[in-house]
Peer 1: 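Just dropping this structure here.
Residue numbering restarts at 1 for every chain, and letters A, B, ... go by the order of the sequence lines. Remember, predicted model here, so these are calculated numbers, not experimental data.
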Amino acid sequence: MIVNVTNADWSAIAPTSIVAVTALVVLIADLLAPKHINRYAAIVIASIGIIVAGVIAYNQFRSGVNYGAFGGAFILGGFSTVFEEIILIAALGSIVLYSAIGREDRIAGAIALMLWSTSGAMLMAGAGNLMTIFLGLELLSLALYCLCGLADRPTSRESALKYLILSSMASGFLVYGMALLFGASGSVALADLTQPALATNPLFWMGAGMFFVGIAFKLSLVPFHAWSPDVYEGAPLPVTAYMSVATKAATLAVFARFMYAAIPSGIGDKLLLPIWILAAISMIVGNVGMLAQHDLKRLIAYSGIAQVGYILTALAGGTPLGLRYAIYYLAAYTFMNLGAFAVAALISGDREEGSRLANYRGLGRRHPAAAAFMTFFLLAMAGLPPTAGFLGKILILSTSVSAGYAWLGVILIVGTAISLYAYAKVIRAMYQRDEHAHVHEAKANVPLAWASAVVCFVLVIAMTFYPLTPSNVLPLVK
Amino acid sequence: MAAFWILGITLIGSAIWCITNTKPVYSVVALLLNFAALAAMYLTLNAEFLAVIQMIVYSGAILILFLFVIALLSSGVTPFSVGPNKLPRIGIPAVVVLLIALGFLTYAVNRVTANAFANTSPTSPVGPVGTAGVFGSVADFGKALFTTYLLPFEITALVLMVAVIGVILLAGDQAPYVASQKQAEEVRREMREAILRGGE
Amino acid sequence: MIVLALVLLPILAGIIMLLIPAREENPVLAKGAGTVIALIEFALALGARDSEFSLRPWLSRPFESSFHFGATGISFWIVLLLAVVTFSAILAMSVPRQRQFVAQMLLLEGTMMGVFLAKDLLLFALFWDLMLLPVFFGLLGWGEHPATAWRYFIYNFAGGLALLLATATFGVLFGSTDVIGRTDVHVVGSWVPWIFIGFAFAFLVKTPVWPLHTWMPPTYSNTPPPMVAVVSAVQSKAGLYGLIVICMAFMPDYLKAYAGVLIVLGVISLLYGAVVSLVQNDTKRIVAYSSLSHLGLIVVAICSFNAIALQGALIYIIAHGLFSAGMFLTLGYVEAREDTRSLVRLGGLGAVNPKLAGALCITSLAALGLPGLAGFVGEIVILTGVFQAGFIWVTILALIPIVIAAAYMLRLFQGVMNGPEVEDLPVRRDLTWLEGIALAPIVLALVVLGVNPHALTTFDPAQYNATQTQVAQGVAR
Amino acid sequence: MPVHHVMGNEGNYPYLLALWLLPLAGAIVNWAFGPQLKSAAGALGSAAIGVAFVATVLMWGAATQSVPSTGGVNLVGAHQTLFSWLPGFDFGLLMDPLSLLWALIITGVGFLIHVYSIGYMDGDNAFARFFAYMNFFVFAMLTLVLSDNFVGLLIGWGLVGLASYFLIGFWFFKPSAVAAARKAFVLNVVGDVGIMFAIFMIFASVHSTGFGDAFAFAGSYNTGWLFAICLTLFIGAAAKSAQIPLQTWLPDAMEGPTPVSALIHAATMVTAGVYLIARCAPLWSQNQDAQMLVGVIGALTALLGAILGCAQWDIKRILAYSTMSQIGYMIMGVGVGAYEGGVAHFFTHAFFKAQLFLGSGIIIHALNNEQDVRRMGGLIKTMPFAFVAMLTGVIAISGIPYLGSGFFSKDLVIQGALQHGHPWLYAIALITAGITAYYMCRMLFVTFLGQYRGNVDPSDLGIRHPELAGTSAHAAEHDEVHAHAPAWLMNVPVGILIVPTVLIGWLMFGGENSPWAHFFAQQFPHPALPAAPISETLTAVIAFALVIVGIAIAWARYGVAPAQQNAVERLRQESVRMPAVLTNAFYFDYAIDWLFVRTSQLLGTLFGRFLDPQVIDGAVRETAFSAQWLGTLVRSFQTGLLRTYAFLLVIGATCFMVYYAVAMGAAK
Amino acid sequence: MSPMAVPIADYVGLSAVIFFIGVAGVIVRRNPLIMLMSIELMFNAANLLFIAFSRAWLHNAGHIFAFLVITVAAAEAAIGLAIVVTVFRTSRHVDVDDIALMKG
């Protein structure tokens, strides 16, 4: 059997390739560029690469192409491109934060790693067989292990170690599950998993179960969530920003493709029930976990645990609209998170002061604009209007109700109520009249971070009034 | 049949030896044994190329790396030791849980019958080990790798690149980045405090 | 378009005011600008009757939703009330950081305009949550105890979330949320009771009704007077408005099924608020608990399913808005002069401040339902209807708080204004002309509506025979 | 909507509008421009009422004009529809003989009292405000009596209560006045609420609140409802007219200036209850139970007021209890069905009680706000005019045959009770007449005979707490010397009032053929009644005998020469030995306080201090705490130890495998 | 084609045992190096499964997958060891229980 690799195949992974190659360019430019500009050189080159990749992906989306490249290893289509765009946005939003943070001499390397990580995530978005999923995931994760450990803090190295060991363990489950799935279907292609005979095949069931363990770990669903607060806290700020969005987006893409396109018909409800239960638990535990946090990144980790629960609520039931609104909420979540991290970067110095919540005390007076932005993003995460978080929750609620998973909607509401309490504590600290707080002064002169915050702000509002949910995604999942 | 059992017992035994040894070096040795047995088992399954790769990559590269690291970490004034166990009672529950998982996994999988695989059309026939063009041969493997599975193969390049660059960045300059002596002291104090506080 | 302007003008003005750098601080200018905008809003509101604006779609799936505003039916009157009260509140206030406060007031006005003008449920829910924020920040920035802000926010946001869930479910079941004021809306199915409960919970928290009321007294006593005037006058009406135009118009059967519970809660609120008011020493808390009592009466009116009672509810909604705003503003002036709200410390102000005493007197008399003022009209029309609907015991119980109201309102008025002059209170100044102008429209409206409430009626007598649903739709339409 | 049954001739009556609105205009002008008007305020206020009186007189013809009867209700008077209050609620003015009578008293006596007030209130800081309130009161009272429907009546009802509140608390720097004002208002609101409830029932029955509709269907009410309507209406009447058990505010109301007591708390407002029952005669006539109830309450109030009148020392409180007692007579009269009698007693009472109050006002004014009769005495020498005024009033109220107007009207009431079949009420009324004569003469003798006691130490007179008894407490506040207005301003109105006080009763002379009976011929129902067992002449004789006994006892105790000489010691003895049940007015105040006020306050405290913060908020707080506790629980799993996380992961994975193994089995 | 001499279920059982021995190693051992080795055991168990199934299906996708897993495992071991070195270079003992700065 000979498979011809055509030009179309290469163009399918063009955005991914561009990102991967950009990483090399960044590394080379770092060697060549003078020391005092290499930080901005790296950021600018990376940004250009990402934007070019984004434009190409957008054109692919517009043209409506839909085919499996490399013998079905990578499926190009609306679904993959939408997720690619979200991942690219996450990467762009995180990379610009390097302008405010980090050591000069490692920035180029870090950005290169982040770009490779991005390309891994993008591969996951388009993965059509188990191998691409596995490799994309490993590419994403391996780069992130390194990125986590790059800051010169004990916590950073600790987070790298924790992430490495736990994530590898989860990868072990994932790959073992893949082996069982391969054993069940005799193929590594996702499309082959829809054979009706598999519905009663124990290998398939156990394989899917172990596969989901890996997925749930990456999505940091309870009880596979334990790594994320520690890792988020220890990792450098831009890495946390990136990780909080990109891993989730890529894993969600894999999960969505799996649940929409790789399950024998008729067993979806039963097969996926544990995931919905975990989503429900995550919504509660994630929001509850926020209540007693002292670190912004940790808080966002818990928040992310809950937000993934929201997104899964949209997917529950497997309706076409559910997928659209999951993507909508994912995009909203991306902007809200990136916005919050941009503000955190704004008030950070060399030692990431923006991460500790103690430093937000009295921010409302010292730096009203930053405080206002932070308030906005936190309230958006809580789902207050007029933000995309609000509309996203409405859409998720309506799909969950119409799909027969209203109990998830109710839990979503309960979780949101708890979350507001937690976000409110941060906001309260910002507007507290505490004259004696000894806190770090905001730098607030980082144009890129400002720009990032403003763009996120505008987009979060705009998405409320013009909900640009991708309309033609579902047919392209398969 | 006999080979499977011998190799299987060797695999299990060496694996248990590996994780129970107090000295990491012995663990590496046990792992080496394990990998070798596994390679042999690959041979019985008509995967001679994988068996070779297993020996070269795992035994030749990865385990050597482990040994280097063990040597590196032990090279200080005192050999490295293990601190107080903060989770002393995790062993028994862990084993119980794992046995449950194992039980359910094997129970479930044992319900599959061999004829589930009967109605398949092989991509290449099974022949003697080492024969070109048959299932498991280098040619068979290579052809698949560079055609059907070209994309995964390409990605491995990136994976390795990440590993290289990542390790360089991680293990490179470890001096804390500080602008001044005063700041350096502050950083150290902060680190000390962070350690004492145990993370909030 | 005019309704869109009603909503957007104050919001934009408020945002712009917030964005002006702090060093350009000019309290008089800020207040002036706020007053002018409030005046423009008033003019717009006057001209907005029955005008509509619709831009579609906002969403087309999973349900249709559009940017649809309209000043029809009761919306017009509440919006007018809002415009008047906001004008009065902004005109004669003095708080620190005036510019930011005026901005919050304008934002509050704009968002509440949105609530009462929205003809789309989703839009309604959006503004519903949004209108919490200015009050929240007002409490945070200018309240005495910031903790109150959280209590206010968490309670009301919990209600907002229930509203959200109910709205989403409603949208899915009916296929559209562009429904307020429509007559062809009938939702059926096993979900409807839950939708109803969601809506009702949100509305009852907002109103509030016992036992969901505990956020209200601290909120009212801590919020700066200009803001609490608007909140108590108009924001608390959002729940009642929702109960009429949503619960009653679309789910009358369920409202009827749960009416017993709601009426019991309303009656408990009535009595509870009244007796608690009787023993409070904080002037603003007295009014807060009295609001609990008065709003309980409106809940009873709505749930009694009687056209006359509903008519009375509309009148009382406006009347309560006017007199509670008047009371809070006047008590605010007292507080600004004497730096205290405690009845224990206040006393004898009337001798030196006859105008202030007059203002407090008229508003408190309206609050206790003095015949000839607007509050009385609402009370008697409501109770006439409730009695006619057959709730004889409810009527009897609802009459008791009227007596108690006389006791606590007079205790309040006399405690502040009458008695011997208190020695250690600071030197005082009578009502300034600006404050007088601020109170004038409220007092005037109280008298005019008390003498001739006919102007307020939104439907003709023939509709007394119409079904409750039709009346509710008529109210919304 | 039901057909409107209008009472009276529909038409346009400018005089009617004028007499209604002029006092309001006066009130507004006085209120708004008081400081600028200065002393002209009094003249302006009086003029407004005077003109209104003229307009009222000019309305006489229209008000007594009968309408071609259409059956059912007797139709008489003038009616003007004003505006639609709400859809279905029309608002109009009705002037029939009953309203006319009240309007005449309100504007006529009101005018005299206004003029008197110019003198009495001269020099007060809030002179203009006083007249604003007084004018406002007249307007409110006119609204009450002129309204053609129950809602309008209730509006007037509430507004007179408000005016009363303002005027009782006129000197609002006095805590006692403030408390009295609040008490009066709250108790009156109880009455308002009663009328409201009656309105609900009437509306539910006839879908209208107009008098015409309510009375036209009087026969069609369910008996139980009709009784309930009458009962609740009577609650209103009782509160306003100080009938048991809502009477306690009236004595306290004497905290107001004396002209206020004369106009509001004697002549007009407190008789609104009488008006209400007379107005609702068609309803009362249909219900024996209601008649019985109201008659009994009226008689009891009359007796109780009289008994309490014997135990008072404050001249105005004596008059207040006498007012209560006399209104008891009126209520009994209209209650049992003797409407003409009850209304007649209102009519004469308005004059003689105003006379008495204004007379006492002259004394109080002259004695610098001294009100305790124990500190008076011998005033006959210094104030002969006041004595004459008071004497005519006492004669009238005591019911000395043919010498005072009270005789005629009281006789009508007493005889009416017998005629309508209530012999027990008849007996009570007769006894009360005797007691009335006693305590009025007691007041007269103690005040005017003997030696002046103003310079005696209060404790020698048995005054225990001079500062609380109101003897000289507010005298001190009006110490500043000011030029008094000319005395004729106060004396002339009193002089004018002497005439009707003595003579007006002759209108009722002549039984069926009296002008009085003619005047009301078309107003009230006149059922055929059996002849009374005791003739009217005999009743008069019995009453006179009892009155003579009363006067004799008073004379023996206070009038005879030894009593005059030992006055100080005797008064002290009497003060000290006064039974506590009388000084505490039969403990009604305590009962109301404990039953209602303190109970409500206790509940309020319980709710406000405990239920709200501890239970309801406590529950919410506990929820928040449990969320916080859950947060701590989640944190406790987050040990920071890698192996814990790994173990968690494995537990999760195990659960997955267990589930899938089981679910797969179920799928097969 | 020759059928497999050993039932496929035996291979699955064997690999599952090895896999869970690896998992147990991660949980109970405190030495990060042993943990990494245990993870290698887990990957190898998966590899064994891939190859066994490959043989059962006579489909070489399993071989390719196993090859990829080996590559990834190598990269992971390299990065993992680098991280372990950075973490423990300054410390006198090697114990994951000692690295718990972050918790809660």
Side-chain angles (χ1 to χ4, degrees), chain A residues 158 161-167 169-170 173 176-177 199-214 216-217 221-231 264 266-267 270-271 273-275 277-278 284-293 298 302 305 414 417-418 421-422, chain D residues 86 600-668:
Chain A
E158 177 183 329
L161 184 68
K162 281 179 173 169
Y163 193 21
L164 169 87
I165 291 185
L166 290 169
S167 179
M169 193 171 165
F173 276 95
Y176 199 86
T200 55
N201 190 332
L203 289 175
F204 173 80
W205 283 81
M206 299 316 288
M210 294 185 90
F211 180 77
F212 287 149
V213 170
F217 177 88
L221 291 177
V222 179
F224 309 109
H225 69 291
W227 60 277
S228 72
D230 287 6
V231 172
I267 61 166
K270 193 179 271 182
L271 191 72
L273 183 66
I275 299 287
I277 292 174
L278 289 200
I284 298 296
V285 169
N287 286 320
V288 163
M290 279 195 288
L291 287 177
Q293 299 306 325
R298 221 175 159 78
Y302 277 111
I305 292 167
V414 173
I418 302 170
Y421 187 43
Chain D
L86 276 179
S600 313
Q601 284 174 344
L602 193 73
L603 278 178
T605 314
L606 181 74
F607 292 161
R609 300 265 157 77
F610 175 70
L611 194 59
D612 257 19
Q614 302 299 327
V615 180
I616 300 175
D617 255 10
V620 175
R621 243 195 332 268
E622 284 309 315
T623 316
F625 279 148
S626 28
Q628 200 92 30
W629 176 81
L630 269 178
T632 326
L633 190 73
V634 168
R635 277 166 66 87
S636 72
F637 282 106
Q638 203 73 21
T639 55
L641 293 174
L642 210 163
R643 293 192 298 150
T644 321
Y645 302 170
F647 191 46
L648 268 178
L649 194 160
V650 170
I651 288 175
T654 307
C655 293
F656 262 48
M657 275 172 220
V658 172
Y659 170 82
Y660 282 113
V662 173
M664 167 196 73
K668 262 192 171 170

Peer 1: What heavy-atom pair brings D/Tyr659 and A/Leu273 nearest, and what distance separates the two atoms?
Peer 2: OH-CB, 3.6 Å
Peer 1: Show me the donor-acceptor pairs, under 3.5 Å and distance only, between side chains in residues 649-658 of chain D and residues at least two apart or in other chains.
Peer 2:
residue: D/Thr654; atom: OG1; partner: D/Val650; partner atom: O; Å: 2.7

Peer 1: Going by atom type alone, with no hydrogens or angles, which donor-acceptor pairs under 3.5 Å involve a side-chain atom of residues 622-631 of chain D and a protein atom two or more places apart or on another chain?
Peer 2:
residue: D/Thr623; atom: OG1; partner: D/Ala619; partner atom: O; Å: 2.7
residue: D/Ser626; atom: OG; partner: D/Glu622; partner atom: O; Å: 2.7
residue: D/Ser626; atom: OG; partner: D/Thr623; partner atom: O; Å: 2.9

Peer 1: Quick one: pull up NE2 in A/His225 and CZ in D/Phe637 and give me the separation to the nearest 0.5 Å.
Peer 2: 9.0 Å
Peer 1: So for A/Phe212, is it side chain, backbone, both, or neither that comes closer than 4.5 Å to the heavy atoms of chain D?
Peer 2: both
Peer 1: Of the listed residues (A/Glu158, A/Met290, A/Met169), which shares the most heavy-atom pairs with chain D below a 4.5 Å separation?
Peer 2: A/Met169
Peer 1: Quick one: which of A/Val288, A/Asn287, A/Ile284 gives a side chain to side chain contact (heavy atoms under 4.5 Å, CB included) with D/Val634?
Peer 2: A/Val288
Peer 1: Output the distance between atom CD1 (A/Ile165) and atom CZ (D/Arg643), rounded to the nearest 0.5 Å.
Peer 2: 11.0 Å
Peer 1: Under the 3.5 angstrom rule, does the side chain of D/Tyr660 hit a backbone N or O of A/Leu271 as a donor-acceptor pair?
Peer 2: yes
Peer 1: Using a cut-off of under 4.5 Å for heavy-atom pairs, which of A/Pro274, A/Gly289, A/Ala422 has the most such pairs with chain D?
Peer 2: A/Pro274
Peer 1: If I compare all heavy atoms of D/Leu648 with all of A/Ala226, which pair ends up nearest, and what's the gap?
Peer 2: CD1-CB, 4.0 Å
Peer 1: So, taking the atom named CZ in A/Arg298 and the one named CD in D/Gln638, what distance separates them when rounded to the nearest 0.5 Å?
Peer 2: 5.5 Å
Peer 1: Testing the basics here: between D/Gly640 and A/Lys162, what is the closest heavy-atom pair and its distance to 0.1 Å?
Peer 2: O-NZ, 2.7 Å
Peer 1: Which atom names give the shortest non-hydrogen contact between A/Lys270 and D/Ala663, and what distance separates them?
Peer 2: CD-O, 3.8 Å
